[in-house]
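Before any comments, here is the structure.
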2 protein chains.
Amino acid sequence: MSLKHAILGFLNMRPFSGYELYKLFNGSVNNYWSATHTQIYKALSELARVKMVEIELVHQETNPDKKVYHLKQSGKAELQNWLETPLDLAPVRDKFLVQFSFSDSLDDKDIICNIESYIEKINEKMDVIKAGHYSEYLKYAHSNREKFLWEKTLEHGIRSYENELHWLRDCLSELKQLSAGTEES
Amino acid sequence: MSLKHAILGFLNMRPFSGYELYKLFNGSVNNYWSATHTQIYKALSELARVKMVEIELVHQETNPDKKVYHLKQSGKAELQNWLETPLDLAPVRDKFLVQFSFSDSLDDKDIICNIESYIEKINEKMDVIKAGHYSEYLKYAHSNREKFLWEKTLEHGIRSYENELHWLRDCLSELKQLSAGTEES
DNA sequence: TCATACATGTAAGTTGTTACATGATTGC
DNA sequence: GCAATCATGTAACAACTTACATGTATGA
């Protein structure tokens, strides 16, 4: 399970509480892995059960108490082992493309509307990424190489969304050409 | 569930058996949606249960008997309704990037090995796509616009993989530079 | 003879989503 | 007063994976 390995990866940097991890997976990391709090708390209990992490109970005055998770030897070993394993290509599941490819039963205007709505959503996402909240953590890198890896990961997100936008805009303009050509006025 | 909508989309073209759909989702369509036979047979039973599709039992002499699924009115309506609904961005879950971003605890040679292995797998996938098996079905399009949508969907896959390859190759060459610069000989 | 294609399924497990549940503090 | 942040969880469900299960026909 990659969520568990992602958690081990973060705990390898420093201890985190479940809530902090939840904010990571819904903030700066969510352009390559996302998870709900439900999933994270469950994964953490499981990691504690198999003794890959240790729980430190931290009492807080103003805020609710929290559980801070520390990586243990066996967790570090599991992480290291996973990092050394070449991964297979993930199966692709792109709802948008399923919809797009069956859209011949829609009017031009409805296809265009779906595409434009999707472009809009990607633009919003890009704005968030480019606002820089995703790159603030770069300063916590322990080495030049680590910083390089993090920068590249960020760049991957930007490049993928830009690639997607190019394709979407091409689709739009070609569709408009097509429909102008077929039109009977 | 998108698998059900994808199935409805195919049955809207012509009737299919479960096995034929399984071959689609593991062949020409698997660059935008993939599914196992287990999932497909279950989804089909469910669609039959709610009467969106109808089962025709077809006896065959040499091959095992098969069930051919036909789209019914309510299935067509459900499909149409879904096609008109703008979709949200799917949450991203990219194992490779999780691994990549935590790889500072590996040697250069191991990071490079992971990247090269991934490049290799994408190249193999690209070879399959470019061999043309994915584009044979284009001739079954009912209209120019449908053909356009299918071609664009195919192109999306190719463009995404090419984009991925560019990023991976950039990572490789920059990593090699970095390690040459830090090297003590 | 051995693998592959045809054809359909069950069972058990993992992963991910959505809704429900609680309760203090801080800022508008 | 109301929403948001902090902080952790349970329960039910939906989606996906992997292994098991069966049996014929065809071609290398």
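Lettering follows sequence order; numbering is per chain, from 1.
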Interatomic distance where [atom1] belongs to [X] and [atom2] belongs to [N] [whole Å]:
X	N	atom1	atom2	result
A:Asn63	C:dT26	CG	P	8 Å
A:Glu61	D:dC6	CD	P	18 Å
A:Ile40	D:dC6	CD1	P	14 Å
B:Phe16	C:dA7	CZ	P	13 Å
A:Glu46	C:dG16	CD	P	14 Å
A:Leu24	D:dA7	CG	P	13 Å
B:His59	D:dG23	NE2	P	18 Å
B:Asp88	C:dG16	CG	C1'	16 Å

Inset, instruction - Answer with yes or no after comparing the ring centroid distance for A:Trp167 and A:Phe100 against a 6.0 Å cut-off, counting only values under it. - result: yes
Legend entry - B:Phe25/B:Phe10 aromatic ring centres below 6.0 Å: yes
Inset, instruction - Establish, with yes or no, whether the OP1 or OP2 oxygen of C:dA7 is under 4.0 angstrom from a side-chain nitrogen or oxygen of B:Gln60. - result: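 For C:dA7, OP1 or OP2 has a side-chain N or O of B:Gln60 closer than 4.0 Å.
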Legend entry - N/O (side chain, B:Lys23) to phosphate O (OP1/OP2, C:dA5) under 4.0 Å: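 So the side chain of B:Lys23 is outside the cut-off, no N or O lying under 4.0 Å from OP1 or OP2 of C:dA5.
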Legend entry - Nucleic acid footprint by protein, nucleotides 8-17 of chain D - heavy-atom cut-off 4.0 Å, B for base, S for sugar-phosphate alone: BBBB---SSB
Legend entry - Test: A:Lys147 and A:Glu151 ion pair at under 4.0 Å: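 Judged by the 4.0 Å cut-off on N to carboxylate O distance, A:Lys147 and A:Glu151 do form a salt bridge.
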Inset, instruction - Would you give the length of the straight line joining atom CG of A:Leu89 to atom CZ of B:Phe96, rounded to the nearest 0.5 angstrom? - result: 10.0 Å
Inset, instruction - Ignoring hydrogens and angles, state whether a donor on the side chain of B:Asn114 or B:Ser103 is under 3.5 Å from an acceptor on the partner side chain. - result: no
Inset, instruction - Please work out whether the ring planes of B:Tyr137 and B:Trp150 are parallel, tilted or perpendicular, with thresholds of 30° and 60°. - result: tilted
